[in-house]
Structures are given as C-alpha cells and as structure tokens.
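First the proteins, then the strands, lettered A, B, ... as listed; each starts at 1.
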Amino acid sequence: MAMLEISGLNAWYGASHILHGVHFEVEAGEIVALVGRNGAGKTSTLRSVMGLMPRATGNVRFDGQEILSKGSHERFRMGLGYVPEERRIVPSLTVRENLQLGLVAAGRTDERAAIDEIAESFPRLKERLNQQGTTMSGGEQQMLAIARAMISKPKMILLDEPSEGIMPVLVEEMGVLFRRLRDQGTTLLLVEQNVEWALKLASRAIIIDQGEIVHESSAAALLADKDIQDRYCAV
Amino acid sequence: MDLELFLMQLFSGLALGAILVMVALGLTIIFGMLGIVNFAHGALFMVGAYAGLWVASLTGSFWWALLIAPIAVGAFGMLVERVLIRPLYKRTPDDPLLLTFGLGYVLVEAVRITFGTDGIPFSAPESLQGVVDLGIGYFPLYRLFVLGVVAVILVLLWVALEKTRFGLVVRAGARDPLIMRVLGVDVSRLWLLVFGLGVGLTALGGVLAAPMRNVSPEMGTLVLAEAFVVTVIGGMGSLLGAVVAGLLVGVAVSMTALFAPEMATIVMFGLMALILLVRPQGLFGRPGVGA
Ligand SMILES: Nc1ncnc2c1ncn2[C@@H]1O[C@H](COP(=O)(O)OP(=O)(O)OP(=O)(O)O)[C@@H](O)[C@H]1O
Ligand SMILES: [Mg+2]
C-alpha cells in the first residue's frame with residue numbers, strides 16, 4: 001500500500017511557479033531517496049507535503065487520506081513527521097524541552113519514558129539533555145531535530161538533507177538509525193545531496209529537476225547509472 | 001526630607017507601576033507571540049474599567065467585577081483576534097497596526113456614547129478602604145491590595161509559562177511558530193488564547209486602576225503611552241522586562257511628582273531616551289527583536 005501518493009502537484013512562491021505537476025509514490029515501510037540539483041524543488045516538495053508552501057494544488061494523499069486541504073498540524077497528527085533543512089532547534093530551550101515539543105501534540109503522559117527511550121538511540125543527546133539546544137554542534141542539532149520528529153513515532157518521516165554538514169562517522173550512525181527505523185516499519189522520504197549515501201540506504205530513487213520529476217527507478221539502478229547522476233545531480 | 005513621606009510616595013509609585021505592569025505585560029505578550037503592536041490596548045484597559053463598573057453596578061460587588069470584567073473583556077479580545085485581526089496576518093505588519101489603532105478609537109467612542117463623556121467615580125469596597133500601619137508608616141490598604149493581586153497574577157503567569165506544557169508550547173511558538181505547526185500544534189488557536197490573555201491582563205489593570213482614579217473614556221490614552229515606554233525600557237517581547245520596567249517607571253513618575261511635579265510625565269520619556277541610547281534592545285530585550 002502506498003503511504004504517500006502525490007500527483008499533479010503544483011506549488012508557488014508568490015508569482016513564481018516552483019513545482020510543475022510533481023508525481024510519485026512512497027510505499028509503506030520503504031526508504032525513498034529524492035535527489036536533484038540545488039534549486040530543483042526538493043525542499044518545496046517536502047514543504048508542500050507538510051502544508052508549508054504559500055500555495056499548492058494537486059493531489060497529495062497520506063495513509064489513504066487527501067491532505068492538501070489540511071493544516072500542517074493536522075498532517076503531523078495523522079503521523080507525518082518532518083525534519084526541515086534548517087533543523088529549527090528552538091532557541092533558549094534545552095534539549096529535553098525540544099524533545100518535549102515533539103510530544104505535546106501526541107498528548108503522551110509517559111513523557112519521561114519517551115525521552116529516556118529516544119535518548120537510548122541518541123547517546124550524544126543523552127549526555128546533553130539539559131544543555132541549550134542551539135549551543136550544540138551542527139551535527140548534534142541535526143540529531144536532535146531527527147529525534148524530535150521521531151519521538152512521537154510517526155508513520156512516515158520527511159528528511160531534508162539530514163547529512164548536510166555532518167562528519168562522516170555521524171553520517172554512518174545516521175544511516176544505521178534510518179535502517180533500523182525502516183525495519184521497525186517507519187516510512188522515510190530522504191532528500192539528499194549526498195547522493196551515493198542516500199542511494200545505498202534507499203530502495204527507490206526519484207530525481208526532480210526544475211520542479212518536475214525526470215527519473216524514477218530502483219536506487220541500485222540509479223547508483224549504477226553515472227550518466228543520469230551526472231546529468232541531474234552534479235553539484 | 002521626611003522618610004515617611006518618601007516611603008509613602010515610593011509605595012504609591014509601586015502601586016502605579018503594578019497597574020502598568022499588567023498593561024505592559026499584555027502588550028508585550030501579544031507583540032512577542034503575534035508580532036502585533038496592539039494600539040487598542042489602552043482602549044481595552046478603559047473598557048476593562050467600564051466593564052468592572054458595569055458588573056459592579058449589576059451585582060453590587062467589586063469582587064465580581066474584579067473576576068468577571070477581565071474574563072469578559074479577554075473573551076471580547078479573542079473575538080477581535082478571530083474576526084478582525086486573523087485575516088490580516090498574511091499582510092504587512094502595518095495592517096494589524098492600523099486596525100488596532102482604529103479599533104481603539106471605535107471603543108472609546110462606543111463607551112462615550114453608552115456611558116457619557118464624564119468621568120465616573122468607582123470606589124473600592126469598604127473592606128479595602130482606609131489605611132494600614134506597616135510599622136514604617138500608614139499605607140492605603142487598596143494600594144497594598146493592588147500590589148498583592150498583581151503579585152499573585154505574576155506568580156500564576158510565571159508558573160503557567162515556565163512550569164507547564166502549555167507554557168512550553170507558548171514559549172516555543174513565540175520563537176518559531178513554523179516548527180510548532182509541523183509538530184502538531186494548532187498555532188492559530190494558540191494565538192487566539194494569547195491575544196485573549198493579553199487583553200484580559202490589561203482589562204484587569206483597568207479594573208484595578210478604577211478606584212485609584214476616575215473612570216473616563218480617555219483613561220486609556222496616557223496608559224497606552226506609558227505601557228509603550230515600559231515595553232521599550234524593558235525590551236519588546238520580554239516579560240521580565242515588562243515587570244521590572246513597569247515598577248521602575250511607576251516609581252520614577254511618583255518620585256518625580258514629589259520633588260518636581262511638573263516633570264512627572266516627562267521623566268519616563270527621559271528614562272526611555274536614556275535606555276534607547278545605552279541599550280537599544282531594552283533592559284531584558286534580545287538584540288534585533290522588534291527593532
Ligand atoms: N521563500 C522563497 N521565495 C521565493 N522563491 C523560493 C523560496 N524558496 C525557494 N525558492 C525557489 O524555489 C526553487 C526551488 O527551491 P527548493 O528550496 O525547493 O530547492 P531544493 O531542491 O531544495 O534546493 P537545495 O538543494 O539548494 O536545498 C528555487 O528556484 C528557489 O530559488
Ligand atoms: Mg532544499
């Protein structure tokens with residue numbers, strides 16, 4: 001069953017028409033990589049799915065329900081998590097408080113247990129629960145953003161360039177984490193510049209260029225096809 | 001100089017400041033969260049006083065007025081947010097500003113038409129009249145009461161903001177509404193509540209102030225100016241700043257009245273100018289906020 005179905009998606013920033021009929025699907029329990037050049041429309045696609053574009057039309061179904069007409073907070077409550085490109089750790093709040101923010105909508109009463117549980121998966125955060133979130137390193141903040149999106153156990157998580165600016169060891173750790181999430185049944189849509197890494201994690205790959213989907217194949221096939229990679233993903 | 005007179009004046013400055021704190025807190029909460037400079041805030045202070053007057057005349061009890069008027073005016077504020085202000089969020093910041101500016105005039109005029117243009121006396125209940133001996137001098141009981149009420153409100157507000165999940169969401173929402181939306185929080189509902197809270201606080205200020213002066217349609221005008229001065233001194237969007245600066249301005253005005261009465265109103269603007277020179281973001285403001 002498809003967890004996310006997108007068809008005929010158009011989106012605008014003011015007068016500029018950014019997405020032109022984007023269409024693709026993500027099956028439940030798979031990792032899909034969405035790649036493309038700078039400015040291709042990757043972030044805009046994720047923002048459309050989260051309801052953050054000023055204007056978006058078309059068809060987006062999540063878990064069987066049409067969501068374009070819903071507010072961002074309702075989409076989260078349906079089980080759609082989002083790790084934005086800018087991470088958005090809330091200033092002047094501690095790591096623990098930032099994690100709590102991930103739980104407020106879920107209304108979970110076992111907040112402490114949930115935080116303990118997530119801290120097990122993120123040893124680096126565990127040591128820093130009482131530190132101000134924005135005083136951590138970029139990599140640590142990225143981990144916090146991921147943990148915050150994960151803590152309510154969403155059905156699907158949209159990740160916008162999670163490996164950006166992160167040192168290789170941490171990127172490897174992140175890969176392990178994503179595989180584990182997938183094995184537990186979470187669906188992941190992974191936007192990446194680190195194409196090779198993303199393709200090794202993903203089962204399928206989608207390329208977006210100038211706001212249109214230009215390629216769709218298995219991740220392995222794209223990994224092998226240097227021509228297409230060079231054409232659409234060269235930095 | 002007479003120590004007792006000095007203490008009396010200091011004390012009356014604190015009571016004056018406590019009222020300012022209520023008004024400035026509402027102003028700064030609304031600004032900090034919604035990014036709206038609420039020019040109707042002074043008028044809503046005045047509406048609070050009239051609402052108190054009205055409830056007191058219906059029920060014959062100051063206590064009901066104190067309880068009901070702020071809640072009713074706060075609810076009115078929520079209506080204003082939902083119906084008038086919300087459609088303007090996507091526009092430039094000037095639009096809500098102009099709207100609240102106009103709303104202030106409409107409220108003043110509406111009150112003039114309903115209650116007349118003359119000031120109306122509003123007396124404190126018997127039980128709060130008179131003076132008490134604090135050992136260092138005699139102080140008007142009602143002003144002590146005002147300080148007490150404001151202190152209780154401040155503690156409640158602090159607990160709500162710092163110790164509850166709701167407060168965490170409000171603080172986070174003030175810093176980054178977008179992330180709260182994608183974490184499942186209906187930010188528009190949060191703003192509705194915050195606007196209602198801010199308006200309720202200024203209305204409470206109005207009811208509390210009523211027995212210390214006449215209730216008149218213009219009573220909010222000077223208060224709004226004072227509250228702006230307080231938020232600039234304290235730092236736009238800073239709650240602690242509103243409290244400290246509110247008391248500071250109250251005491252400064254009151255003390256100047258003792259030594260140089262003709263300077264009383266000017267002194268707060270002097271204080272503001274000084275702060276703007278030395279520390280433009282205000283005593284407790286974050287640089288860049290509201291600049
Ligand atoms: N806030 C904005 N206002 C106007 N145009 C924007 C805005 N944000 C992005 N764009 C434009 O939309 C297009 C797509 O941007 P988007 O951020 O979706 O690209 P991307 O694929 O995520 O790029 P990157 O790899 O650099 O993150 C770009 O041409 C960009 O200039
Ligand atoms: Mg992007």
Side-chain angles (χ1 to χ4, degrees), chain A residues 14 46-55 70-94 96-109 111-112 132-134 141 144-145 147-154 157-160, chain B residues 28-29 31-33 35 82 86-92 158-194 234-241 281-291:
Chain A
L46 296 191
R47 288 177 65 97
S48 302
V49 174
M50 279 322 288
L52 299 173
M53 288 297 280
R55 181 163 166 236
K70 295 187 192 293
S72 304
H73 65 283
E74 295 173 283
R75 304 184 197 202
F76 172 89
R77 286 165 184 235
M78 291 172 69
L80 195 50
Y82 175 48
V83 181
E85 197 170 3
E86 327 83 71
R87 295 169 192 153
R88 291 185 176 262
I89 301 308
V90 181
S92 80
L93 298 190
T94 63
R96 182 190 299 280
E97 286 172 324
N98 269 283
L99 289 172
Q100 284 172 331
L101 291 181
L103 287 167
V104 285
R108 280 179 69 164
T109 44
E111 198 175 88
R112 181 157 300 211
Q132 297 264 310
T134 44
Q141 289 191 37
L144 177 54
R148 186 176 61 187
M150 271 174 57
I151 194 167
S152 61
K153 300 199 193 314
I157 305 178
L158 314 175
L159 297 134
D160 201 342
Chain B
T28 213
I29 287 176
F31 176 78
M33 288 287 299
R82 170 128 306 178
R86 181 161 308 179
L88 304 180
Y89 283 138
K90 290 196 174 127
R91 313 252 209 110
T92 66
W158 181 80
V159 169
L161 280 176
E162 296 294 328
K163 300 291 163 196
T164 68
R165 189 182 281 210
F166 172 75
L168 178 66
V169 172
V170 169
R171 281 182 291 141
R175 301 306 290 268
D176 189 352
L178 186 147
I179 198 66
M180 295 319 292
R181 286 166 63 197
V182 299
L183 290 174
V185 172
D186 184 353
V187 173
S188 66
R189 219 182 63 188
L190 201 61
W191 287 352
L192 180 71
L193 291 174
V194 166
M236 270 296 211
S238 162
L239 303 191
L240 181 62
Q281 74 269 36
L283 294 175
F284 297 91
R286 297 189 296 269
V289 172

Assess the residue pair A:V90 and A:R148 against the criterion (side-chain contact (heavy atoms from CB on, under 4.5 Å)); give the C-alpha distance rounded to whole Å, side-chain angles, the decisive distance to 0.1 Å, and a yes or no.
CA-CA 11 Å; A:V90 181; A:R148 186 176 61 187; 4.1 Å; yes
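The closest side-chain heavy-atom distance from A:E111 to A:Q100 is below 4.5 Å. With a 4.5 Å cut-off on side-chain heavy atoms, B:E162 and B:L239 do not count as touching. Looking only at side-chain heavy atoms (C-beta outward), B:M180 and A:H73 stay at 4.5 Å or farther from each other.
With a threshold of 4.5 angstrom between heavy atoms, A:L101 approaches chain B through its backbone and through its side chain. Looking at A:P91, both its backbone and its side chain come within 4.5 Å of chain B, counting heavy atoms on both sides. The contact between B:R181 and chain A is made by backbone and side chain atoms together, counting heavy-atom distances below 4.5 Å. Within the 4.5 angstrom heavy-atom criterion, no atom of A:R75 approaches chain B.
Counting heavy-atom pairs closer than 4.5 Å to chain A, the top-ranked of the candidates B:V187, B:V185, B:D186 is B:D186.
Under the 3.5 Å distance criterion, the side-chain polar atoms of A:S72 are matched with a main-chain donor or acceptor of A:M50.
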